[in-house]
2 protein chains.
Amino acid sequence: MKVSREQMAVNRERILEAAGRLFRERGFDNVGVADVMREAGMTHGAFYGHFASKEALAAEAAAHALEKTTARWNEILDSAGERGLREIVDSYLSPKHRDAPGGGCAIASLGAEVSRQESELREAFAGEIGQMLEALAAYMPGNSQEHRKEQAMALLAQMVGAIVISRALGRKAMSDEVLAAARKAVKLGS
Amino acid sequence: MKVSREQMAVNRERILEAAGRLFRERGFDNVGVADVMREAGMTHGAFYGHFASKEALAAEAAAHALEKTTARWNEILDSAGERGLREIVDSYLSPKHRDAPGGGCAIASLGAEVSRQESELREAFAGEIGQMLEALAAYMPGNSQEHRKEQAMALLAQMVGAIVISRALGRKAMSDEVLAAARKAVKLGS
DNA sequence: ATTATCTATAGATCTATAGATAATGC
DNA sequence: ATTATCTATAGATCTATAGATAATGC
């Protein structure tokens, strides 16, 4: 049942993708290695040929998920500039994002859990948050780099908090209102 | 080893308090019934005389924790009015709160996990978030009730997101900067 | 007599590993 | 020959329960 060197790389990527989705949907503790492997189309035992432990997978998958979000944002910002910023904010603060955590922002879905983990995962995650803030800061209003970074931090906090609250509220009307209130509160340059 | 009716009520409260602290510190899944009972000074088996299941405890403990935060806020607001609002915001967005999740805001520590749970817990938690928003809205700037509620939602989102991000960042300098940026971004009436 | 708590354990679940299997790639 | 994957399982952990114990309260 051995597969080719190329196929193995594909399989590893498939495990990372499945893990990224499942972890964001259910949280680290409610996803077993066997769940991830089933989702990726392999057996439980094959996992340990790709990763040293569940913890190592969690670190890679969480960072990988955040990285993909930042990459998407950078694409939008590079092509649409400040208008892209508004697009990112409105998309983040949408019921669609709230209802699809599996492909959404990992800070909102896994941030609290990451903060309880030590070492590897924490470091990787913190680094990716830094990248994300830099991406936003480049297009924030403000006359100094420092001010723009500050604005980016406040904006990201506004967005993450709104999604966390709206998800906790569930499908209630108030949930949509929280998203709308946050969208309205975000003032972007001219 | 039977205790008095009164003592039993005290014991139940002690379980709730221990659970509230441990759940906020480690998350629901990383706390066992035995951990809670050890912390409360009883044995594992005694738990099921007080609560039907771990899930029932989680629902009560999470709602209870949020309720206590809202009660504290209402006390401050009743005595200090709009000035109290600034006090609440600055205290929420402090390194002290970031570093002490066990007694802090349950939305920031447990919000994401709550949103993955069904029924009881979700409902109780959503109701408490509503109470919390009402407490804030009463003292928010704005000329209509609707506008104040909207402002309260945006404020709570700003605060929750900043704590989630700052905790994920750990003890890095950027963590303090996020809190400071959020404090600065919160504009309260006159 | 009632019942809150304790001791002990059943049953389920999860991570990680050991050894077998079979396809790749030198 | 090498090695990615599979089967099977050991060992740990956790929820919930059963039966025993001992103090309360009618």
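So that the names make sense, note that chain A is the first sequence line, chain B the second, and so on, each numbered from 1.
Taking only side-chain nitrogens and oxygens, A/His44 never comes nearer than 4.0 Å to OP1 or OP2 of C/dC14. Side-chain nitrogen and oxygen atoms of B/Asn11 include at least one within less than 4.0 Å of the OP1 or OP2 phosphate oxygen of C/dT5. Side-chain N/O atoms of A/Tyr48 include one lying less than 4.0 angstrom from OP1 or OP2 on C/dA16.
Listed nucleotides: C/dA4, C/dC6, D/dT5. Nearest to the side chain of B/Met8: C/dA4. The B/Val33 side chain lies nearest to D/dT15 when the options are D/dT15, C/dT5, C/dG25. Taking every side-chain heavy atom of B/Lys54 into account, D/dA16 is the closest of D/dT5, D/dC6, D/dA16. Checked against D/dA4, C/dT7, D/dT7, the side chain of A/Val3 finds its nearest nucleotide in D/dA4. Counting only heavy atoms from C-beta on, B/Lys2 has its side chain closest to C/dT3 among C/dT3, C/dT5, D/dT5.
Atom CG of A/Asp35 is separated from atom P of C/dT13 by 11 Å (rounded to the nearest Å). As a whole-Å value, the separation of A/Met42 CE from C/dA22 P is 19 Å. Nucleotide D/dA4 holds its C1' atom 18 Å from the CD atom of A/Glu13, rounded to whole Å. The interatomic distance linking A/His50 (NE2) with C/dA16 (P) rounds to 16 Å, in whole Å. In this entry the distance linking CZ of B/Phe51 with C1' of C/dA4 reads 14 Å, nearest Å. As rounded to whole Å, 18 Å separates atom P of D/dT7 from atom CZ of A/Phe47. Distance, B/Asn30 CG to D/dA12 P: 19 Å, rounded to whole Å. When the P atom of D/dA4 is taken as reference, atom CE of A/Met37 falls 13 Å away, rounded to whole Å.
B/Ile107 pairs with exactly one of B/Thr69, B/Ile129, B/Val114, B/Ile163 by the side chain to side chain contact (heavy atoms under 4.5 Å, CB included) rule, that one being B/Ile129.
A/Ser175 and A/Arg98 share a donor-acceptor pair across their side chains, judged by distance under 3.5 Å alone.
Between B/Arg171 and B/Asp99 there is a salt bridge, since a side-chain N of the basic residue sits under 4.0 Å from a carboxylate O of the acidic one.
When the nearest nucleotides of DNA chain D are assigned to B/Ala34 and A/Gly41 by heavy-atom distance, the more 5′-ward of the two goes with A/Gly41. Projected onto DNA chain D by closest heavy-atom contact, B/Phe28 and A/Gln7 fall at different nucleotides, the more 5' of which corresponds to A/Gln7. Two residues, A/Gly45 and A/Asp29, neighbour DNA chain C, and the one matched to the more 5' nucleotide by heavy-atom proximity is A/Asp29.
Counting non-hydrogen atoms under 4.0 angstrom, A/Thr43 reaches a base of the nucleic acid. Backbone-only contact: B/Val31 has heavy atoms under 4.0 Å from sugar-phosphate atoms and none from a base.
Counting heavy atoms of neighbouring residues, nucleotides and ligands inside a 6.0 Å radius, atom CD of B/Glu146 does not exceed 12 of them.
Between A/Glu55 and A/Leu121 the shortest side-chain heavy-atom distance does not fall below 4.5 Å.
Using modelled atom types, one side-chain atom of A/Ser166 and one backbone atom of A/Ala162 make a donor-acceptor pair closer than 3.5 Å.
With both pairing distances under 3.5 Å, C/dA20 is matched to D/dT5 as a Watson-Crick or G-U wobble pair.
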